[in-house]
Structures are given as C-alpha cells and as structure tokens.
Amino acid sequence: MDKQFNRYYLFSITIVSAMGGLLFGYDWVVIGGAKPFYELFFGISDQPFWQGLVMSIALVGCLVGALLTGMFSDKYGRKKLLIIAAVLFVWSAIGTGAVSNIWWLMFYRLIGGFAIGIASNLSPMYIAEVSPANMRGRLVSINQLTIVLGILLAQIANWLIAQPVPENSTPSDILASWNGQWGWRYMFWAENVPAVLFLVMAFFIPESPRWLMSKNMDAKAEHILEKIGGREYAEKECGDIRNTINDVPEGEPFKTVFGKKFRKVLFLGVFLAVFQQWCGINVIFNYAQEIFSAAGYSVSDILMNIVVTGITNVLFTFVAMYTVDRWGRRHLLLFGSAGLALIYLLMGGAYYFGFSGLPLLIIVVAAIACYAMSLAPVMWVVVSEIFPTRVRGAAMSIATFALWAACFLLTYSFPVLNSAFGPAAIFWLYGVICVVGYVVIRKYLPETKGKSLEELERKLIK
C-alpha cells in the first residue's frame, strides 16, 4: 500500500464493513447444517413444499432488503444502514434458534434475508467510497474474502455443534436426540458472536465521505479523508468529488438512475450482477450432492469434496486480492469468463462420456478456482465503483436486486433442467453464457484499475 495513507485506519474500517459480508456468508449457509434436524422437529421432512419455502424465504428478504437499501442509504447514509443490518442479523440469529413454530422460523429467516440484502449491497459500496483508487480493488475484495470465510465458519460451526449421528438411526431417534431438540438451535445462535461484534464496531466507523459531500457536509468529509490520506489528499479528493456531484442534479435517485444519461452504466452493473450468477458456479455449491452423486461419489466422499471446494474458494479469493489492482478488473473478468467457458466444455464432456471420480473432481475444483479469483470478487469491485456518487445507493440496490433475482432463477431452474436434459447439456449451456459474458465485457467495460471514482464517473457518464 502507498505509504501516504493511514493503512491501519483504512484496514480497520474495511474489516468492520466487511463483517457484513462474513455474516452474509454465515447466514446463507448455516441453515444447510440445521436442515436435517429442524425438518424433523417441525415435521416437514417429507413435505417438499414446506422444505423449499423455509429454505428460500430468506431470498425474498434479500430482494426486498436490496431495494430498500437503495432507497434509504442515499437518504440517510451508509453507516446507519450498516448498523441496521447488524441489528437484523442479531435479531434473526436469536429468534431463529428460539422458535417452536414453523411460521416464526420463516419470519426470522425473512429478517435474516433483509440483513443479507442490506449487507450485500452496502458493505462493498462503503469500502469503495472510503478507499484510495490505487488500493480500492484489494480493499473491496476483502468483502468477498469475508463472505467465503463466513461460509467456512458456518460449516465448521455446524460440524462442531452437531453430535455424531449413529448409523442406522431412525428419524424418531434423531428427533429425540440433542441434535433434534437443541443442536440446530445453537447453529443459529452461534451467529450472534460475529453479529454482536459487528453491531458494536459499526458505531465506531466514519460515515462515507462521498455521501457526506452529496449532502453538503464538506467539512466532515474532508476531516475523514484527511485522516485516511493527509491534508493534500483530502483537498484534492474533496475538489474532485464536489465537481462530479455538481454534474448530477439532486433529485429522486431511482428516477434519476433510470434516465438516459445513466443507461449504459446501469446496464453494465445489472449485467455483471446477473452474469456472476448465471455463469453457473453457484449450482456447484447449492447442488454439490447431486453433482458429485452423478459423478459416482458416495455420501462420505461427497462431504469431503464439499470441504475441498470450500478451501479452494478461500485460497483463490486471496489470489484475486493480490491480482485485482495489478492485472486490472477487466482482464480478470475476461480471464474468468473464458476460463469457465473452457472448463464447462470439459465438464459437460466428462458427464456426456461417463467420466467419474477424480477427473470430475479436478474439473470442479478448477471451475471454483477460476470463479473465486475473477467473477466472484471482481464483480463486486466493479459494481461498487462505476456508479455516480449521488445515485450510487439506488444503482447498487438495482444491481443487487438483479443479482438475487438471478440467483433465484439459477437455483430454481437447475433441478428442472437437470431432470430434462442431464448435467452435460446444462454445463454446456453455462459455457455458452460465459462466452456471451466475455463478449459483452470486452466490448463495453473499460478498465477501472487505478482510477478514482470521480474519474470513472466522468468516463462512464457522458
């Protein structure tokens, strides 16, 4: 990092904001470990409708939370919304573990979804707004790192909390066990450790200086920027921010962002958000059991393979953090699109010709590695930096809403497509989508590495 910047201060506020990402990852995955036990507790283990409703209700909250964040973060600020997200995470974690009625279970999962929608929107945006241009990619990528660490943390917590289930246990045995009565509750309650920490620490981070200037609080913004990079840096940034803010008339953010002037940049943000989901990699995470079963793996081997893919995801996120400010966002996105298209070609061929076992596992790990160092973190970096300051909250909420809607369509469509066409055809389809993504990124997305948010605003909004 450049020596002129207060590295400790920058890293501290980045980590606090990125804890929203950690809780996003934890809350999204923890339910998977609790699922076998709460389904027996609530008597829905043989009722697919209720199983699907409980699992997907949080996604409804994500969609609503993402939209509401755009409405309120541009009006009330980034910090207040991060604090609200922390409160919702705590409330959801306590409530979900305490319920004895399935309707209350879904209510608290919905609350958790609201928190995820806010955090997935605000955490990367806040980090981008406080980061100097030459280190913005690395700092925003920390949010993606905390997401995958949150996923691993949930998997580890579930594993440590659950007591071993003896072989030949009947559903009634499991229901009567500690796991069936209390273990699944502690899986949710364990989220309170990072959630309470996030809530306390969120009060001590500064407001986004760019939001402050959009509300004519220049003195406060300059003080924060001076603490980040010194007097000269603060004066230069404040002047640049003020000039670009004056270019965008104040008004209703959602109405403004849909105007002709912002059409290109809004298209780019929404496309990247949807493409990050429709490139297909989350199918491997969400349906690992079906994918590895089709490749001939046993249940115990499948659990080990899931651990391997999780570790791969974390390791190659570190690769993205190292390369994003060196190679550039556009190069990494193009690399990821082309790499996944080739890997899906091989994966589809493996299923088509009946290959199984280790060759398929190697291909899956390669796909996750490619995704983790490119599309997964870099999409959040680009989307958090391409929108103008005055409408960034509204534009980010639209892109995040599109991401969660795409996530729902991807997750919902896989079982149907898999049943109708088989895994080979599905992964070839994802390969075609990756080719389309490559073409669009190459044609429309400029490199954003090393440019201030105001420089990007002048370049993209013409």
Please report the closest heavy-atom contact between [X] and [Y], naming both atoms and the distance.
X	Y	value
Phe89	Gly112	CE2-O, 4.3 Å
Val54	Ile44	CG2-CD1, 4.2 Å
Tyr344	Gly280	OH-C, 3.4 Å
Gly117	Thr400	O-CG2, 4.4 Å

Residues, nucleotides or ligands: over 12 heavy atoms within 6.0 Å of Trp50 CH2: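 Count over threshold, so yes.
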Verify the neighbour count for atom CZ of Phe267: are there more than 12 heavy atoms of other residues, nucleotides or ligands below 6.0 Å? yes
Tell me, please, which residues at least two apart from [X] pass salt bridge (charged side-chain N to carboxylate O under 4.0 Å, His left out).
X	result
Glu207	none
Lys451	none
Arg329	Asp325, Glu385

Spatial distance of atom CG (Leu68) from atom CD1 (Ile118) [nearest 0.5 Å]: 7.5 Å
Nearest 0.5 Å, what's the NZ-CG distance between Lys449 and Leu332? 10.0 Å
Non-hydrogen side-chain atoms of [X] and [Y] separated by less than 4.5 Å:
X	Y	result
Val381	Ser141	yes
Val383	Pro124	no
His331	Thr323	no
Tyr26	Ile151	no
Ile441	Ser337	yes
Tyr126	Ser384	no
Met373	Trp327	yes
Met347	Tyr430	no

Does NZ or CZ of Arg326 lie under 6.0 Å from the centre of the six-membered ring of Tyr322, at an angle within 45° of the ring axis? yes
Residue from Trp404, Phe198, Trp380 passing ring pair (Phe, Tyr, Trp, His ring centres under 6.0 Å) with Phe24: Trp404
Taking ring pair (Phe, Tyr, Trp, His ring centres under 6.0 Å) as the definition, give me every residue that meets it alongside Phe114, ordered by chain and number, with sequence neighbours left out. none
Within residues 265-280 or reaching into it, pairs that qualify as side-chain hydrogen bond (donor to acceptor under 3.5 Å, both in side chains) - sequence neighbours excluded: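 Matches after skipping sequence neighbours: Gln277-Asn282.
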Using the salt bridge (charged side-chain N to carboxylate O under 4.0 Å, His left out) definition, which of the options Arg210, Arg392, Arg136 pairs with Glu129? Arg392
Parallel, tilted or perpendicular: which fits the ring planes of [X] and [Y], with parallel below 30° and perpendicular above 60°?
X	Y	value
Trp428	Tyr352	tilted
Tyr351	Phe427	parallel
Phe275	Phe271	parallel

If you apply the rule side chain to side chain contact (heavy atoms under 4.5 Å, CB included), what do you find for Leu63 with Phe408, and how did you get there? CA-CA 10 Å; Leu63 292 168; Phe408 173 80; 5.7 Å; no
Between Leu22 and Leu153, does a side chain to side chain contact (heavy atoms under 4.5 Å, CB included) hold up when you go through it step by step? CA-CA 9 Å; Leu22 185 140; Leu153 182 63; 4.2 Å; yes
Heavy-atom donor-acceptor pair, Thr312 side chain to Val365 backbone, under 3.5 Å: no
Ignoring hydrogens and geometry, is there a side-chain-to-backbone donor-acceptor pair from Ser123 to Ser17 under 3.5 Å?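 Such a contact is found between Ser123 side chain and Ser17 backbone.
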Please list all pairs meeting salt bridge (charged side-chain N to carboxylate O under 4.0 Å, His left out) that have one or both residues in residues 10-30, counting only residues at least two apart or in different chains.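 Found Asp27-Arg109.
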Does the separation of the ring centres of Tyr233 and Phe5 fall below 6.0 angstrom? yes
